[in-house]
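A short worksheet on the structure shown next.
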Amino acid sequence: MIESPVFEKGYPSHEAVNRKSSMKLRYSEAFYSVQGEGKFVGVPSVFLRTFGCNFRCMNFGLGKDEPSRAEKHEAGQRYNQEVLDLLDSGIIAKTEKFTDLPIIHTGCDTYASIYPEFKDFNKLAEIDEVVEHLLSLTPEGKWTMDNGQDIHLIMTGGEPLLAWQRLYVELFEHPRMKDLKNVTFETNTTQVLHNDLYDYLNNSNRITVTWSCSPKLSVSGESWMDAIKPDVALNYSTVDGSDLYLKFVVADRADIDEAGRAVQAYRDVGVECPVYCMPLGGRSEEYVLNVKEVAEVCMEKGWRFTPRLHISLFGNAWGT
Ligand code: SF4
């Protein structure tokens, strides 16, 4: 039995999402780019970044000998120090729109998609509006182009498999989504699929689903017990016709050893899949520091190296 996640302020409860008639999807941004990571690197894709995450990943970007500067505040909220500084500076009142928010260099790089204080920078839209927005980003206003090539849809976040997942059957079944062929869920792999979504994807002959599973290692600041959930990956992998891979963010040998232990934990429950490793670092200068070592380890272990192509192409910016 896998426990349902606890939802924090600003996120919907399962009950709220069940009241579909009044339910809207909150998302921080949608954009058209090339997939920068994992199996589909280079594939033209529309990204839908939903709001909310059950994690904070506050230690990303902090040196390992540097004590975590994360702080815990009332209501159990945990804040990265850079986020606290931004809030203290009055960033909410000073900033007009999501894309004007500053990029930060420690913790979760999509902080404005996860902290409730930033939820009003995120859109709240009916599925019809979301579909129109997504299609407006594609080159021809549709998923399958006249030349036969298809545009992928990437469900990302935040964590896209929080309670929002109960709206996804409606999204994928929308009349204007009928030519959509490929969907990837970029997930931290802690949220079990709701039965409706599981059954829908399991029986869909039209949509090929890829689970890009990125469990968080201790370099993120999240604990093994919270982050490594092999039964959840097993749940995804049993969706008929779907494809699953594991993707780890690593900075050094200790992370690689931990990734190896995690891979074994997934194998122990029957999840046999390709393993990708990606260098830590949202900033291009950090990324270059450890890229070669990660590539060499991948060659040694038979794992697959994934770059962060979008960082090389566009730097660390919203909408990429
Ligand atoms: S799991 Fe992903 S979206 Fe959630 S806090 Fe960590 S990096 Fe951010």
Side-chain angles (χ1 to χ4, degrees), residues 5-11 26-31 36-38 47-62 68-73 76-84 86 98 101 103-119 121-122 154-165 184-192 211-229 232-233 236 246-251 255 258-259 262 276-283 286-287 306 308 310-311 316 318-320:
V6 173
F7 292 95
E8 299 175 64
K9 183 183 153 208
Y11 312 148
R26 192 180 294 278
Y27 65 105
S28 53
E29 53 179 355
F31 55 92
E37 307 170 355
F47 291 75
L48 177 60
R49 188 184 300 289
T50 59
F51 177 74
C53 187
N54 52 320
F55 285 165
R56 292 292 178 262
C57 296
M58 291 180 295
N59 286 10
F60 278 145
L62 296 180
S68 171
R69 291 174 301 146
E71 291 188 18
K72 205 165 191 168
H73 271 220
Q77 290 287 322
R78 294 178 300 148
Y79 293 82
N80 174 278
Q81 186 61 47
E82 270 191 276
V83 173
L84 277 183
L86 283 178
F98 183 86
L101 289 166
I103 299 294
I104 63 172
H105 304 296
T106 56
C108 174
D109 58 0
T110 60
Y111 69 96
S113 305
I114 69 169
Y115 284 101
E117 284 80 355
F118 294 89
K119 81 176 164 68
F121 287 100
N122 291 255
I154 314 295
M155 305 295 291
T156 190
E159 170 48 52
L161 291 172
L162 290 182
W164 304 122
Q165 61 167 292
T184 297
F185 287 92
E186 294 185 331
T187 171
N188 63 24
T189 321
T190 59
Q191 309 297 310
V192 71
W211 308 104
S212 174
C213 294
S214 186
K216 298 297 174 265
L217 300 177
S218 55
V219 65
S220 70
E222 301 299 332
S223 73
W224 176 283
M225 188 176 286
D226 291 337
I228 307 300
K229 303 274 188 189
V232 174
Y236 302 166
L246 293 167
K247 184 179 69 179
F248 295 98
V249 177
V250 295
D255 299 337
E258 192 182 339
Y276 286 78
C277 270
M278 183 165 70
L280 174 68
R283 283 184 294 182
E286 288 168 354
Y287 165 69
T306 174
R308 293 173 184 260
H310 50 299
I311 302 290
N316 191 13
W318 303 118
T320 60

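Source: prediction; values computed, not measured. Counting starts at 1 for both ligands and their atoms, in listed order.
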*Relative to the heavy atoms of K216, which atoms of ligand 1 are at a distance of less than 4.0 Å?*
1 (S), 2 (Fe), 6 (Fe), 7 (S)
*Which residues pass the ring pair (Phe, Tyr, Trp, His ring centres under 6.0 Å) test with Y276, sequence neighbours left out?*
Y245
_Non-hydrogen side-chain atoms of V232 and Q191 separated by less than 4.5 Å_ = no
_Which residues pass the ring pair (Phe, Tyr, Trp, His ring centres under 6.0 Å) test with F118, not counting sequence neighbours?_
Y111
_Cut-off under 2.8 Å, centre atom 8 (Fe) of ligand 1, protein N/O/S atoms_ = C108 SG
*Is there a donor in the side chain of E159 and an acceptor in the side chain of T190, or the other way round, less than 3.5 Å apart?*
no
*Who pairs with E222 by salt bridge (Lys or Arg N to Asp or Glu O under 4.0 Å), at least two apart in sequence or on another chain?*
R78
_Quiz question: by atom type and distance under 3.5 Å, do the side chains of E82 and T106 form a donor-acceptor pair?_
yes
